[in-house]
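In each ligand, atom 1 is the first atom listed, and ligand 1 is the first ligand listed. Throughout, numbering of the chain's residues begins at 1 and tracks the sequence. What you are looking at is a predicted structure, and each value in this text was computed from that prediction instead of being measured.
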Amino acid sequence: MYNQLERILFSKEQLEKRVKELGATLSNDYKDKNPLLICILKGSTLFYADLVRAMDIHLNFDFMAVSSYGAETRSSGEVKMIKDLDCSIADRHVIIVEDIVDTGFTLKYLTKLLCARKPASLKICTLLNKPSRREVDLTPDYVGFEVGNHFVVGYGLDYDEKFRNLPEIGVLKEEVYK
Ligand code: PRP
């Protein structure tokens, strides 16, 4: 895997440190609120697993899967639901946990959908934020790292369903995806 990377962007230690900081911030902000943390499959899984273990307050798990209709329609912002939540979010303090906000279409779709279910509050926590690619007005509430316009993989993020198991986040060599 490593020979297909141009470089490592975030080491295991950098990720661990930042995720612990985010967990401490969320624990403080959501003390006594029993928040519901929604993991957006599949990219967020490793971040989610580490983030919840960095939080020392009561919280609940739920999972959602969404996907764009395809490469050509992605720019139109069409997103489809693959798996909905198991529980109701009415009157709950909800945190959407994402690995990356890129164009913002996925989060725009999700926030609109979930807001209609009348949660007590709804915030977005993303490990990576790529503002240079944004196509809609969307600002995440909690951000691990800002990244430039690189093709990043690892720690849950994939290229062609591969590299998700990489413990670091790396920049993919251009020759791999071009
Ligand atoms: C990725 C990522 C976000 C979305 C962000 O998911 O996990 O959900 O893209 O992109 P956007 O801001 O341009 O909408 P992807 O559809 O690749 O699925 P995955 O999580 O299963 O890898």
Side-chain angles (χ1 to χ4, degrees), residues 1 4-5 8-10 14-15 18-19 22-23 26 35-52 54 61-86 89 94-117 119 122-174 176-178:
M1 284 196 291
Q4 292 174 295
L5 298 182
I8 298 290
L9 199 55
F10 302 113
Q14 283 174 298
L15 291 169
R18 189 67 189 117
V19 174
L22 283 173
L26 289 174
L36 176 72
L37 273 76
I38 302 177
C39 175
I40 310 301
L41 301 168
K42 303 169 208 160
S44 308
T45 47
L46 301 194
F47 173 46
Y48 186 87
D50 287 338
L51 183 68
V52 293
F61 284 19
D62 209 339
F63 299 85
M64 265 185 122
V66 290
S67 129
S68 58
Y69 274 101
E72 310 93 73
T73 54
R74 180 133 203 141
S75 57
S76 70
E78 283 186 86
V79 178
K80 71 173 171 178
M81 167 91 67
I82 310 284
K83 184 217 169 289
D84 203 346
L85 298 171
D86 291 335
I89 61 165
V94 175
I95 307 169
I96 303 174
V97 180
E98 261 290 20
D99 52 338
I100 188 164
V101 185
D102 193 342
T103 62
F105 285 133
T106 304
L107 263 306
K108 198 79 181 173
Y109 166 84
L110 281 171
T111 48
K112 191 173 170 214
L113 182 90
L114 296 179
C115 265
R117 298 180 187 182
L122 181 65
K123 302 273 186 188
I124 297 165
C125 175
T126 185
L127 178 65
L128 305 180
N129 187 30
K130 218 191 237 187
S132 61
R133 292 254 310 160
R134 202 72 92 249
E135 295 201 31
V136 291
D137 182 24
L138 194 288
T139 308
D141 303 283
Y142 300 91
V143 174
F145 301 99
E146 302 279 342
V147 291
N149 194 12
H150 317 293
F151 199 130
V152 286
V153 292
Y155 196 60
L157 291 119
D158 75 310
Y159 167 63
D160 199 18
E161 293 298 327
K162 297 189 279 265
F163 298 96
R164 293 195 197 272
N165 58 320
L166 197 74
E168 302 88 1
I169 290 181
V171 177
L172 200 61
K173 279 184 183 167
E174 225 175 77
V176 180
Y177 60 90
K178 282 232 164 123

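Using a 4.0 Å cut-off to heavy atoms of D158, the atoms of ligand 1 that qualify are 22 (O). Near E98, meaning under 4.0 Å from one of its heavy atoms, ligand 1 places the atoms 2 (C), 3 (C), 7 (O), 8 (O). Of all atoms in ligand 1, numbered sequentially from 1 with element shown, those under 4.0 Å from a heavy atom of L41 are 20 (O), 21 (O). Under a 4.0 Å criterion applied to the non-hydrogen atoms of G43, ligand 1 contributes the atoms 19 (P), 20 (O), 21 (O). Each of the following atoms of ligand 1 lies closer than 4.0 Å to a heavy atom of T103: 11 (P), 12 (O), 13 (O), 14 (O).
Checking side-chain atoms of N129 against main-chain N and O of E146 turns up no donor-acceptor pair under 3.5 Å. No donor-acceptor pair closer than 3.5 Å links the side chain of R117 to the backbone N or O of I89. A donor-acceptor distance shorter than 3.5 angstrom exists from the side chain of R134 to the backbone of D102, with no hydrogens or angles considered. Remark: side-chain polar atoms of T103 are not paired, donor with acceptor, to backbone N or O of E135 under 3.5 angstrom. At least one donor-acceptor pair closer than 3.5 Å links the side chain of Y48 to the backbone N or O of L37. In this structure, the side chain of K108 engages the main chain of D137 through a donor-acceptor pair within 3.5 Å.
Checked by distance only, ligand 1 and S67 stay at 3.5 Å or farther apart across all their nitrogen or oxygen atoms. When only interatomic distances are considered, the shortest N/O to N/O separation between G104 and ligand 1 falls below 3.5 Å. Residue E161 has no N or O atom closer than 3.5 Å to an N or O atom of ligand 1.
Contacts with ligand 1 closer than 4.0 Å are made by side-chain heavy atoms of R164 only, the backbone lying farther away.
Contact detail for L172 and Q4: the closest heavy-atom pair is CD1-O, 3.6 Å.
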